[in-house]
Amino acid sequence: MEKLLEVRQLKKHFDLGKKQILKAVDGISFHINKGETFGIVGESGCGKSTAGRTIIGLYDRTEGEVIFNGKNIHTLKQKEKHEFHRQMQMIFQDPYASLNPRSTVKEIISEPMEIHGLYQNKQERLERIYQLLEDVGLNRDHANRYPHEFSGGQRQRIGIARALALDPEFIIADEPISALDVSVQAQVVNLLKRLQDEKGLTYLFIAHDLSMVKQISDRIGVMYLGQMVELTESNALYQNPLHPYTQALLSAIPIPDPDIEDRRERIILKGELPSPINPPTGCVFQTRCPMAMELCAQEKPAWQEVESNHFIACHLYDKHKTGDHDYKQVAVTIR
Ligand SMILES: Nc1ncnc2c1ncn2[C@@H]1O[C@H](COP(=O)(O)OP(=O)(O)O)[C@@H](O)[C@H]1O
Ligand SMILES: [Mg+2]
């Protein structure tokens, strides 16, 4: 498999003044293969959007590297930068806020084409816009209308059409369905899947809800307080979650089978989410972890591959420190 994106030890800190530094993203590493959907999940405020915005270059990174198509995006020459900005697009959570209310759909979709000097022939551009509207399940009659004339789901379709306008290779979808009615969410997910098949797209799909991200992702990374705590294939994450935080997140999802649902054990995390301005020492999760040990407050756990393609940062899985026991025995059973 060919890597499209590689993120290495990426950090984004915000300087809030008065010597306060907010560590929104604090050293995350992962890669995304061509044609794959990689999900990032974690509760609100854990740094998902900041990670996405830093990868696409809306924010300057504090540290680390983003490699796209084999090129380090921080050292691109002007022409390469232009091409990078064409190849990587973003879909936002709030289709209200991300579409200019005073622009028609036609203007919204043609804006990126103008910026990039593509489809300069008027008729060609119009045909392109009509095609894009059809691709996302709208039609050409919608081209001259304004965003407020559409439902939330339709507005998100307009956002998707705009993201597709330059025929990108990679799309970062930042909670693209969180603001939509449940009945519309599946439609938008299905649309994204269909477009992925048709156009060979690669996605970074951000969500705060594990059940949402599961349907669409091949692999999933779980974030907590600016860090990646676990990363593996979608099914493995559901069937064999290893990090106590992932186990807690999963235990909050109802299971459709009533027999299993009856036996489901919910893990309630103690305490509040700490501030990313003063994150806990050692493991960032130690203040809320039901399995925390003394070591967890002292030392930051390493990011290690404990099973094939299954990465985790947790001292429970440090064989050399906790004795050579089978790590599965220390994991909380959630079902
Ligand atoms: N532009 C910014 N300036 C200062 N702090 C920010 C900024 N953007 C986000 N943050 C902070 O960074 C942390 C992560 O935010 P965000 O990436 O939006 O999380 P998520 O998308 O997971 O909800 C939060 O504590 C948030 O308040
Ligand atoms: Mg966000």
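Order of appearance sets the numbers: ligands from 1, and atoms from 1 within every ligand. When reading the values below, keep in mind they use all heavy atoms of this one structure, side chains included, and skip hydrogens, waters and symmetry mates. Since we're looking at a predicted model, the values are computed, not measured.
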> Do His13 and Asp26 pair up side chain to side chain, a donor and an acceptor below 3.5 Å, judged on atom types alone?
yes

> Keeping the roles fixed (side chain from Glu36, backbone from Asn33), state whether a donor-acceptor pair exists under 3.5 Å.
yes

> Would Ser44 count as a contact for the Mg ion (ligand 2), in the sense that one of its N, O or S atoms lies under 2.8 Å from it?
no

> Does the plane of the ring in Phe14 sit parallel, tilted or perpendicular to the ring in Tyr59? Use 30° and 60° as the thresholds.
perpendicular

> Any side-chain heavy-atom pair from Val105 and Asn144 closer than 4.5 angstrom?
no

> Give the protein residues with at least one non-hydrogen atom closer than 4.0 Å to an atom of ligand 1, ordered by chain and number.
Phe14, Leu16, Leu22, Ala24, Glu43, Ser44, Gly45, Cys46, Gly47, Lys48, Ser49, Thr50, Tyr59, Pro276

> Going by distance alone, is a donor N or O of one side chain under 3.5 Å from an acceptor N or O of the other, for Gln93 and Ser178?
no

> If you compare all heavy atoms of Ile108 against all heavy atoms of Asn100, which two are closest, and at what distance to 0.1 Å?
CD1-O, 3.9 Å

